[in-house]
Trainee: 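Sharing a structure here in structure tokens format.
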Amino acid sequence: MENIAPALLDWFYKNRRILPFRTDPSPYHVWLSEIMLQQTRVAAALPYYERFLRELPDIPALAACDPEKLHKLWEGLGYYSRVRNLQKAARIVCEQYGGDLPADYDALLALPGIGEYTAGAIASISFGLAVPAVDGNVLRVFARLYNDDGFITDPAVKRLFTARVMDHQPPDAPGDYNQALMELGALVCLPGGEPLCGQCPLADLCAGRKAGRARDLPRKAVPKARKQTEVTVILAESPEGWLLQQRPPKGLLAGLWQPLTFEDTLLEGPGAVRDALEELGLDTGDQPRPLPGAKHIFSHIEWHLHLWRVQLPAQPAPAGCVWASCQALREEYTLPGAFKACKKEMGL
DNA sequence: TGTCCACGTCT
DNA sequence: AAGACGTGGAC
């Protein structure tokens, strides 16, 4: 196939979006933006990006940040391990590389939270190294360009596509080329529905378009059904504030805070709720009152939330729990989006 | 309402 | 190799 880079780069220089991490593509800026943009849309990530850099303008500041504050800066973005790995990596960078990211693909790849895609993005965009940066956009563009039926969820298919990406990469502009492919996927070679082939600089070269199959590509495996889970949440209030507990350090929503939550558990009726409170050694007060249910969908689990509200007398918080005022809840404790309905009920 | 985006990284 | 890991917005 004819080399796509000339037409692609020409299009990119005329049509690319002005984004903050492009205005100053320092290694730290590109790193942070790429981590934030994993599984997250540009529009959703931008306000987080600006605030994060205001609070933590460089890698040493990130390394030194209080982990609880770090969670707070990420609250609402999801995949919280991303920000924990970001800090782990920042500390390694400070200890091993004097606070600057290494200009080396393999060294980047070895850092926590940096996989093939992110290592390639930083190496090519910030350091000008001739390596690939293949994300979902690029896989879609190449599935169509080559009219390739392979499942892009298959690692072997990804390797083949990556080799093709490198076949077209100009040695003097690897970063622009990688970004141009992603930008084309984001603005023109759109997922689902109808790609905007009329605006595509590669339309004449595109085998998928020629075959009338662009909209059917890429192919991917059928996703597994989500596990359905019943979850009971008790919003317990005392004169000291709301009762919060911290989640375990591993697994789903690790280390984040929540109201009293019983996963895989359906407490039926106020009697069962009161028993659960007494089980924790709490002095129960008024009769627990049921609230409207709620649903939260994770990528792999569906929570059916059963909410209760109860007023308790002033007393010490059980082990692993705290009483938190609304202000403390806003400023210090990170509650994941799964508890959106609870936050509303608690006046947050 | 349900599906897709959303391969990204770690285990 | 395959499952774990969040969220919100478009359609």
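Reminder, nothing fancy here: chain letters follow the sequence lines and each chain counts from 1. Note that these values count all heavy atoms, side chains included, but never hydrogens, waters or copies made by symmetry.
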Trainee: Is the terminal nitrogen or CZ of A:Arg16 (NZ for Lys, CZ for Arg) located under 6.0 angstrom from the six-membered ring centre of A:Phe12 and within 45° of that ring's axis?
Mentor: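 Yes, cation above the ring, under 6.0 Å and within 45°.
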Trainee: Of all heavy-atom pairs between A:Pro313 and A:Ser238, which one has the smallest distance, and what is that distance?
Mentor: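 Minimum heavy-atom contact is O-CB, 4.0 Å.
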Trainee: For the residue pair A:Tyr80 and A:Glu75, confirm or rule out a side-chain donor-acceptor distance under 3.5 Å.
Mentor: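 The answer is no; no qualifying pair exists.
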Trainee: My validator wants the stems of DNA chain C: runs of 3 or more consecutive Watson-Crick or G-U pairs, both distances under 3.5 Å, written as range with range.
Mentor: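 Paired runs of 3+ in DNA chain C: B:2-5 with C:8-11, B:8-11 with C:2-5.
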Trainee: Separation of A:Met182 atom CE from B:dC5 atom C1', in whole Å?
Mentor: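 That distance rounds to 16 Å.
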Trainee: For DNA chain C, which residues of residues 244-257 of chain A approach it to below 4.0 angstrom with any heavy atom?
Mentor: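 Those residues are A:Gly251, A:Leu252, A:Leu253.
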Trainee: If we take the P atom in both B:dC7 and C:dA2, what is their distance in whole Å?
Mentor: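 One P to the other, the span is 16 Å.
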Trainee: Show your reasoning for whether side-chain hydrogen bond (donor to acceptor under 3.5 Å, both in side chains) applies to A:Gln38 and A:Glu34.
Mentor: CA-CA 6 Å; A:Gln38 288 169 15; A:Glu34 293 300 345; over 6 Å; no
Trainee: For DNA chain B, find the residues of residues 29-54 of chain A with a heavy-atom distance under 4.0 Å and give them by number; none if there aren't any.
Mentor: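 When residues 29-54 of chain A is checked for heavy atoms under 4.0 Å from DNA chain B, the hits, listed by number, are A:Gln38, A:Gln39, A:Arg41.
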Trainee: What residues in residues 132-140 of chain A put a non-hydrogen atom under 4.0 Å from any atom of DNA chain B?
Mentor: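 Contacting residues: A:Asp135, A:Gly136, A:Asn137, A:Arg140.
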Trainee: Check every strand shown and say whether A:Lys220 touches a base, only sugar-phosphate, or nothing at a heavy-atom separation below 4.0 Å.
Mentor: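 Sugar-phosphate, backbone atoms only, no base.
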Trainee: For DNA chain B, which residues in residues 116-131 of chain A have a heavy atom at a distance below 4.0 Å?
Mentor: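 Only A:Glu116, A:Tyr117, A:Thr118 qualify.
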Trainee: Rounding to the closest angstrom, what is the interatomic distance between B:dC5 and C:dC5 at atom P?
Mentor: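 Those two atoms are separated by 22 Å.
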Trainee: Quick one: ring-ring contact (aromatic ring centres under 6.0 Å, His included) partners of A:Phe21, sequence neighbours excluded?
Mentor: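 A:Phe21: ring-ring contact (aromatic ring centres under 6.0 Å, His included) contacts with A:Tyr49.
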Trainee: I need the CG-P distance between A:Leu109 and B:dC7, as an integer number of Å.
Mentor: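 Interatomic distance, CG of A:Leu109 to P of B:dC7: 20 Å.
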Trainee: Among C:dT7, B:dC10, C:dG6, find the nucleotide with the atom closest to the side chain of A:Pro336.
Mentor: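 Between C:dT7, B:dC10, C:dG6, the one nearest the side chain of A:Pro336 would be C:dT7.
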Trainee: Using the rule given for side-chain hydrogen bond (donor to acceptor under 3.5 Å, both in side chains), can you reason through A:Tyr13 versus A:Asp176, listing the C-alpha separation, both sets of side-chain angles and the distance that settles it, and then say yes or no?
Mentor: CA-CA 9 Å; A:Tyr13 294 137; A:Asp176 285 349; 2.6 Å; yes
Trainee: Taking only residues two or more places apart in sequence, or in another chain, which ones meet A:His29 in a ring-ring contact (aromatic ring centres under 6.0 Å, His included)?
Mentor: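 Partners of A:His29 under the ring-ring contact (aromatic ring centres under 6.0 Å, His included) test: none.
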Trainee: Is there a path from A:Leu307 to A:Ile234 through hydrophobic residues (I, L, V, M, F, W, Y) whose side chains come within less than 4.5 Å of each other?
Mentor: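 Looking at the clustering, A:Ile234 is in a separate group from A:Leu307.
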Trainee: Check DNA chain C against residues 294-305 of chain A and give the residues with a non-hydrogen atom under 4.0 Å, in numerical order.
Mentor: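 Within residues 294-305 of chain A, the residues near DNA chain C are A:His296, A:Ile297, A:Phe298, A:Ser299, A:His300.
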Trainee: Using modelled atom types and a 3.5 Å cut-off, is there a donor and acceptor pairing between side-chain atoms of A:Trp31 and backbone atoms of A:Ile35?
Mentor: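 No, the answer is negative, given that no donor and acceptor are paired below the 3.5 Å cut-off.
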Trainee: May I have the distance from A:Glu263 (atom CD) to C:dA4 (atom P), rounded to whole angstrom?
Mentor: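 So the CD-P distance, A:Glu263 to C:dA4, works out to 14 Å.
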Trainee: To check you understand the geometry: which heavy-atom pair defines the closest contact between A:Phe262 and A:Ala276, and what is its length?
Mentor: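 Minimum heavy-atom separation between A:Phe262 and A:Ala276: CZ-CB, 3.9 Å.
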Trainee: Holding to ring-ring contact (aromatic ring centres under 6.0 Å, His included), I want the full list of residues that pass it with A:Tyr146, two or more places apart in sequence or in another chain.
Mentor: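 Checked A:Tyr146 against ring-ring contact (aromatic ring centres under 6.0 Å, His included); matches are A:Phe142.
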Trainee: Any heavy-atom pair between the side chains of A:Val134 and A:Asn178 that's under 4.5 Å?
Mentor: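 They are not in contact (no side-chain heavy atoms under 4.5 Å apart), so the answer is no.
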Trainee: Rounded to whole angstrom units, what separation is found between the NZ atom of A:Lys158 and the C1' atom of B:dC7?
Mentor: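 Rounded to the whole Å, the gap is 6 Å.
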Trainee: Figure out the CD1/P separation between A:Ile114 and B:dC10, and round it to whole Å.
Mentor: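 So the CD1-P distance, A:Ile114 to B:dC10, works out to 9 Å.
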Trainee: Could you check whether atom CZ of A:Arg289 has more than 12 heavy atoms from other residues, nucleotides or ligands sitting under 6.0 Å from it?
Mentor: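 Open.
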Trainee: Suppose we screen for ring-ring contact (aromatic ring centres under 6.0 Å, His included). Which residues come up paired with A:Phe161, at least two apart in sequence or across chains?
Mentor: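 Counting only residues at least two positions away or on another chain, A:Phe161 forms no ring-ring contact (aromatic ring centres under 6.0 Å, His included).
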Trainee: Would you say a side-chain N or O of A:Tyr80 is under 4.0 Å from OP1 or OP2 of C:dT7?
Mentor: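 Yes, within the criterion.
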Trainee: Can you check whether A:Glu302's main-chain N or O pairs, donor with acceptor, with A:Lys295's side chain at less than 3.5 Å?
Mentor: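 Flag not set: sc A:Lys295 to bb A:Glu302 has no pair under 3.5 Å.
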Trainee: Using distance only, find each side-chain donor-acceptor pair of residues 246-259 of chain A under 3.5 Å and give its atom names and separation, not counting sequence neighbours.
Mentor:
unit_1   : atom_1 : unit_2   : atom_2 : d
A:Gln246 : NE2    : A:Gly255 : O      : 3.0
A:Arg247 : NE     : A:Leu252 : O      : 3.0
A:Arg247 : NE     : A:Leu253 : O      : 3.4
A:Arg247 : NH1    : A:Gln258 : OE1    : 2.7
A:Arg247 : NH1    : A:Glu263 : OE2    : 2.9
A:Arg247 : NH2    : A:Leu252 : O      : 3.1
A:Arg247 : NH2    : A:Glu263 : OE2    : 3.0
A:Trp257 : NE1    : A:Glu68  : OE2    : 3.1
A:Gln258 : NE2    : A:Gln245 : OE1    : 2.9

Trainee: Identify whether any heavy atom of A:Leu111 sits under 4.0 Å from a base atom; if not, whether one sits that close to sugar-phosphate; answer base, sugar-phosphate or nothing.
Mentor: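 Result for A:Leu111 = sugar-phosphate.
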Trainee: Using modelled atom types and a 3.5 Å cut-off, is there a donor and acceptor pairing between side-chain atoms of A:Arg51 and backbone atoms of A:Leu46?
Mentor: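 No: the side chain of A:Arg51 does not pair with the backbone of A:Leu46.
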Trainee: Under the salt bridge (Lys or Arg N to Asp or Glu O under 4.0 Å) rule, collect the residues that match up with A:Asp275, sequence neighbours excluded.
Mentor: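 Salt bridge (Lys or Arg N to Asp or Glu O under 4.0 Å) list for A:Asp275, sorted by chain: empty.
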Trainee: OP1, OP2 of C:dG8 versus side-chain N and O of A:Lys340: anything below 4.0 Å?
Mentor: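 Result: no.
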Trainee: Verify salt bridge (charged side-chain N to carboxylate O under 4.0 Å, His left out) between A:Lys158 and A:Glu116, making sure each step is shown before the conclusion.
Mentor: CA-CA 11 Å; A:Lys158 192 197 161 183; A:Glu116 288 180 6; 3.4 Å; yes
Trainee: Expressed as a whole number of angstroms, how long is the span from A:Arg84:CZ to C:dG6:P?
Mentor: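 Between P of C:dG6 and CZ of A:Arg84: 7 Å.
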Trainee: Can you tell me the distance, in whole Å, between the CH2 atom of A:Trp74 and the C1' atom of C:dT7?
Mentor: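 After rounding, the reported distance stands at 12 Å.
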Trainee: A:Tyr79 has an atom OH; how far is it from atom C1' of B:dC5, in whole Å?
Mentor: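 Going from OH in A:Tyr79 over to C1' in B:dC5 covers 11 Å.
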